[in-house]
Amino acid sequence: MTTTESSQQTHAHSHPTPETHLTAEEQEWVDAFMNDTTLFIGPDPEIMREHSIAQRSPLEERILAHDLDPLVADRIRRRLAGALDEAFEMCESMGAAPGAKWADLSVAVYTAAGDVAYMSNRGVIAFSAVLHHPIRHIMKYWKDEPSVGINPGDGFFHNDARFGMVHNTDQSMLVPVMREGEIIAWVGATIHEGENGACEPGGMPSGSETPFDDGLRGSPMKIVEKGRLRRDLLTFLQHSTRDPKLMLADIKVKMGAVKRVMDIVDQSIGEFGVETFVGSIRMTVEDVEQEVRRRVLEMPDGTVTVNQFVDSTLKENILIKFACKITVKGERLIVDLRGTGPEIINRAINSPLASTKAFVSQAILSYWWPDLPRSTGALSPIEIISDEGTWGDCSYDAPTGQNLQASFRGFSALQIAYAKLQFSVPEKYSNVLAPWFNQINDFLWGGTTQHGEQVGNLCADLNGMSGGAKPFQDGEDSVAPLFCAMADTGEQEVMEEEVPFLQLVSKRVVRDNQGFGKYRSGMGYEMIVAARNTPSWGFMTVTSGAKFSSVCGLFGGYGCPTYPLAMVKGINIFDIVKKDPSQFDLSMERVMNEQPFEGGTYSTYHMGLQFDIAQEGELYMIAQGAGGGYGDVLERDPELVVEDLQLDRISEQVARDIYRISWNPETFVVDVEQTEQLRADERRARIKRSKPYAEFVKEFVTEEPPTDVPYFGSWGQENNEHLFATVWDHHGATQVQGRLEEIPIIFMPNRHVVKINNLESRIRELEEKYNEVIPHRT
């Protein structure tokens, strides 16, 4: 449930007020007229803002009014689980998209109303909380629409996040299960396809400034009719992207996967009957919802506040807040997102509420209660309060090409909150865990391959996000993305057969890239790429966190480092290495500090790089992120510090200045007495630096954010309904404040115009200083 209703009502269905007293026949005439004159059917607010499981259908009510044999239901569930995992592996092994090959997908069985009953154990769990929206849209708008309808063998395509999807790079195939003309269930497969015809290759355009820049926006449409793929719509979809071969191949892959699950569904219905099957999948959804309520009741009452900040629109540096308060009260769990910054109407980082909710569910099903079936029932009893028009709950007209910048924050908020809420709960269903890394540290790419094909997609290196530390051990290095269980990072050698660039450094752990603590986080790896043998190629990065750490630590642990992009333009590393193989000693640290390649242009940049044309042999360098550390660094076992030091996982500076240990640099033996002294000295220094809390607040806390920093969101903890924002006009930047509805629409100024204005201002200063007019070029 939510406390807001969408202001975006694009369909024309409405009813006269009761005062008109229309007869039933007159009302039927009005409804028919409105149906015939509907101009435009958009996302339905009643569908899109609702995440609770649907009310029982009359069939489900009749079935569940009687006892259903739980052993039979369990047999059906086990069959479905096996079929879904088999279909998942089909998509993974046969899919053409990098996302398919490396497990960024899922396959699921849904109730007739669209609630996910069971989903493949591997894959993207977030889909369990978002794909009921398109099915409910299909059932409401197309089921009885004469020009569309739903028949056995039909299949519906969709990818538009505004109708219910994690983001527009994901594409679904949804197929009804029908008996005697009635829909009794659905089967669906969803894959992160990547390329979708957006303004930049690869499907996640950081350069998007309108929804039209986001690429293909397929509302639910029937692409398979009675078992036959519609070539007219397929042709439209293929012409809507840079990679028509990919579109065709993976539509067929999804159709094949759905067919495999459908075979098992048919067998189960044949053996146990329609009613037993329908009752079993409905009971699964309800059981999960009831179990979530029970587990919430076990948690201590209280409120945990998790405020996060993103430091970039992916075009310019800002601070925009993702606010979240999680309250437990009895069996109620309330997620309050009020105070989140307003949407930025010409930047790509906005997220529809449904996508943000999907990652709330991801945190619950992968880090809170991973033993539960992946079901819509997991999120259903949780109350979510949000204001439409924020960047985590954006309007229909906001671009969403990089909506993961907001929706991933929903994941981190819930993960951090649960680590604190479950700390005192006797029965834990998962480990207390410092935050997982939550950014897309990765290269997107596009252009002409060595085979002459036009493509655009992404590396799978984002699947190597690092794990947070636990209360009893260090986190895992570059283990898995937050959104996908048991994903793969892929083999670069396989990629090089298809795309014209090399990872000159691939997945090498970077020194000091960890969240420090009593137990440190897992570590992230380095990636250095260069294009080769292509007439036209380019790279993108789509990440924030170059200036402000993306994840915090837990209970005194440090957050992750910040991550820039580094580039060396104007060189050809392949020619350089051919002449002098010793120059293949590549790392971001060495290349940027020593600048060894004569004639190269060395630069660092935040990681919101729009599509950049790469000449052969130019270097692009990034690092995968780290999770958060756990506990006080002064409590870390010195032997663990020395072990990391000996393995070159940390520098001497970190061992000395952060962990405060002393050791013999030749033998790596800890000087126990000196280490105890260093740590005692640091504890005394902490006390000396400290001050009473009231005094600290008086000196540190201000009533308003600084005016020289573009800031968006609430300020302080007391009033999350009062927002601050920076707006621009021809006079420059101004800070405004008020309730969300009082804040003007936020447009970021064109950064190139801003740069030109600054340069012209500087020219005028120089002219005045030297009393000389500098000729301007036009």
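Numbers for residues simply follow the sequence, beginning at 1. For clarity, every value in this text was computed on a predicted model and none was experimentally measured.
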Does the [X] side chain pair with the main chain of [Y], one donor and one acceptor, at a distance under 3.5 Å?
| X | Y | answer |
| --- | --- | --- |
| Trp368 | Leu414 | yes |
| His158 | Gly164 | yes |
| Thr356 | Gly392 | yes |
| Asp311 | Ala546 | yes |
| Ser375 | Val116 | yes |
| Asn168 | Ala161 | yes |
| Asp213 | Pro205 | no |

side-chain hydrogen bond (donor to acceptor under 3.5 Å, both in side chains) for Asp170 and Thr190? Distances and angles first, verdict last.
CA-CA 7 Å; Asp170 302 319; Thr190 305; over 6 Å; no

State the SG-CD1 distance between Cys394 and Ile349, to the nearest 0.5 angstrom.
10.5 Å

Can you list every pair that meets salt bridge (charged side-chain N to carboxylate O under 4.0 Å, His left out) and has a residue in residues 124-136, with sequence neighbours left out?
Asp115-Arg136

Hey, could you give me each pair passing salt bridge (charged side-chain N to carboxylate O under 4.0 Å, His left out) that has a residue in residues 414-437? Not counting sequence neighbours.
none

Taking all atoms of both residues into account, what is the closest heavy-atom pair of [X] and [Y], and its distance?
| X | Y | result |
| --- | --- | --- |
| Val542 | Met204 | CG1-O, 3.5 Å |
| Ala358 | Val130 | CB-CB, 4.1 Å |
| Gly515 | Ser521 | N-OG, 2.8 Å |
| Phe747 | Trp728 | O-CE3, 3.7 Å |

Below 30° counts as parallel, above 60° as perpendicular, anything between as tilted: where do the rings of Phe516 and Tyr558 land?
perpendicular

Could you tell me how the ring of Tyr711 sits relative to the ring of Phe309: parallel (under 30°), tilted (30 to 60°) or perpendicular (over 60°)?
tilted

For Lys315, give me all partners under salt bridge (Lys or Arg N to Asp or Glu O under 4.0 Å), at least two apart in sequence or on another chain.
Glu209

Considering residues at least two apart in sequence or located in another chain, which fulfil the salt bridge (Lys or Arg N to Asp or Glu O under 4.0 Å) criterion with Glu721?
Arg338, Arg739

Looking only at the aromatic ring of each residue, does the gap between the centers of [Y] and [X] stay below 6.0 angstrom?
| X | Y | answer |
| --- | --- | --- |
| Phe483 | Phe411 | no |
| Phe408 | Phe359 | yes |
| Trp391 | Phe712 | no |
| His192 | His167 | yes |
| Phe163 | Tyr141 | no |

Side chain to side chain contact (heavy atoms under 4.5 Å, CB included) between Ile345 and Asn350: does it pass, once the steps are laid out?
CA-CA 8 Å; Ile345 203 67; Asn350 309 292; over 6 Å; no

Can you name the one residue among Leu723, Thr390, Asp393 that meets side-chain contact (heavy atoms from CB on, under 4.5 Å) with Thr340?
Thr390

Check the pair Glu695 / Lys698 against salt bridge (Lys or Arg N to Asp or Glu O under 4.0 Å), numbers first and verdict last.
CA-CA 5 Å; Glu695 183 180 334; Lys698 185 177 180 180; over 6 Å; no

Worked check of salt bridge (Lys or Arg N to Asp or Glu O under 4.0 Å) between Asp371 and Arg295
CA-CA 12 Å; Asp371 58 311; Arg295 293 185 184 188; 2.6 Å; yes

Any chance the side chains of Ser544 and Gln405 put a donor and an acceptor closer than 3.5 Å?
yes

Any donor-acceptor N or O pair under 3.5 Å, side chains Asn720, Ser714:
yes

Residues two or more places apart in sequence or in another chain: which of them pass ring-ring contact (aromatic ring centres under 6.0 Å, His included) with Phe696?
Phe700

CD of Glu699: more than 12 outside heavy atoms within 6.0 angstrom?
yes

Going by the rule side chain to side chain donor-acceptor pair (under 3.5 Å), which residues pair with Asp301 if we only count those two or more places apart in sequence or in a different chain?
none

